[in-house]
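Scope of the values below: all heavy atoms of this structure, side chains included, with no hydrogens, waters or symmetry mates. Keep in mind it's a predicted model, so treat the numbers as computed, not measured.
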There are 4 protein chains.
Amino acid sequence: MSVKSFFRVRFYETDEMGVVHHSNYIRWFEVGRVDFLRSVGITLDELMNDGILFPITQVSAKYLLPAKFDDELELETIPVALTKFKMEFEYKVRRKGEEKILTEGFSQNVFTNMKTGKISALPEKFLSRLIQKSSEELQK
Amino acid sequence: MSVKSFFRVRFYETDEMGVVHHSNYIRWFEVGRVDFLRSVGITLDELMNDGILFPITQVSAKYLLPAKFDDELELETIPVALTKFKMEFEYKVRRKGEEKILTEGFSQNVFTNMKTGKISALPEKFLSRLIQKSSEELQK
Amino acid sequence: MSVKSFFRVRFYETDEMGVVHHSNYIRWFEVGRVDFLRSVGITLDELMNDGILFPITQVSAKYLLPAKFDDELELETIPVALTKFKMEFEYKVRRKGEEKILTEGFSQNVFTNMKTGKISALPEKFLSRLIQKSSEELQK
Amino acid sequence: MSVKSFFRVRFYETDEMGVVHHSNYIRWFEVGRVDFLRSVGITLDELMNDGILFPITQVSAKYLLPAKFDDELELETIPVALTKFKMEFEYKVRRKGEEKILTEGFSQNVFTNMKTGKISALPEKFLSRLIQKSSEELQK
């Protein structure tokens, strides 16, 4: 299963080339992750209140076609690995209702203990929510 | 006395109109405040470690002339009120070495207690550093 | 009449103090202006295609209470002057469904000719749309 | 050969986790590319005035260690492919004067014709400057 987020391109997200600045897709991917987690009943505040941080360890994007100011975009967030130690997602950005992909991306986050800063297993109560909504293949 | 900061306009700070997006000046003013405080021997980390926050309560800007990508800018940060309860600064942005002002601004920060969230007097050890570098007229 | 925009605070909009960085409100005000103009049938692209730019000349904000990550916000954009030469708006940011104001702001844009860079009267076809939706008092 | 850029982390570049938000590294890589091109005598304005755009087609980053507010950073920009059709760079971000890498990255830009939007060979006058400063191995 994947989760879709919808939003319009804001004017400040454009640059002098007249298109969306590429760094904004990296920010939108984060919006997609948050929406995915919300859809499985996890909020970042809840994680942080339990002493869990989830720093990003990798991100990448391929830019195929530009988005422009005021475009209505659809961001698809697809879990590709959800385990007690990490979350990996793929992303596809399209104009709303269109097939062609504008940008695709990938990210990896790990779970860490806020106090030690070390990688730390996600507590069962969160993990079960994460995995319940993802296919068996994802649990690597 | 005022403090000058120097930096180049970054590409991502431009927008579709081909000039610097106006929100970046507000961000640069913050760079100026940090440079001012550093010049009097105060770092934000030190304040935060002492339980002091310094939320911004007002900001304004007048945009006279646009700055462009790669421009070398000079930001002048001028204290207009430095007291135990608040810091007020004015800002002037010019191209390096030029007289004419591109943007001018104003900000007000108050000091608050991190735990209570209430306005709180700045401890003497910080206040003396702040005031030592400012003219008598500033101490209202 | 005023126009309301609704959106959630994104994680990247927070800063080390754990609240929304103040510069984002200035960016959101722009989102409000765009939504206001869309509501009266004007898109920025249409203006730009007609050779009209609308640089911002003033902006200000008063920060009363902080917004936090994931808050659902309501931005009210209130026209206070809409003429052939300028647009002035006031802004109020609240949590969705709450009365208390978190941040309030003001902006002024002028209309300029893309080629000359000079202030230039907004063509009648746009002005009539702007004014038709605003009260008589606004036409100064 | 590589080019180094030096800058401090700005407060607005931090997020609620108390470290630099990951999207800023992607923005800093752009600062590195611009500094590299300037070092070989090419400005983006000159390219754009000649009708050449240089959209980014890929970007990636690995985040190893966090940078914090006010850190003085050193960004190393290393060309890995500079041809008439594309530029590829690697990036390494360190604290100034330290060995350990905080973040490393990669980007690919292609040259396109502003009018047609198609990939287009970089004119000889620019290519010779690009290549003169890069090792033979880079010219693929």
Review point. If you look at every heavy atom in Gln58(C) and Tyr63(B), which pair is closest and at what distance?
Key: N-CD1, 4.0 Å
Revision key, fill the gap. Turns out that what part of Asp45(B) lies under 4.5 Å from chain C's heavy atoms comes down to side chain
Point to revise | Closest-packed option against chain B by number of heavy-atom pairs under 4.5 Å, given Lys62(C), Met48(C), Met17(C) | key: Met17(C)
**Study point:** Contacts of residues 19-35 of chain B with chain C (heavy atom under 4.5 Å)
**Key:** His21(B), His22(B), Ser23(B), Asn24(B), Ile26(B), Arg27(B), Glu30(B), Arg33(B)
Review point. What residues of residues 100-123 of chain B sit under 4.5 Å from chain C when you count only heavy atoms?
Key: none
Practice item. Under 4.5 Å, counting heavy-atom pairs only, tell me which of Leu53(B), Val59(B), Leu64(B), Leu44(B) racks up the most with chain C. Key: Val59(B)
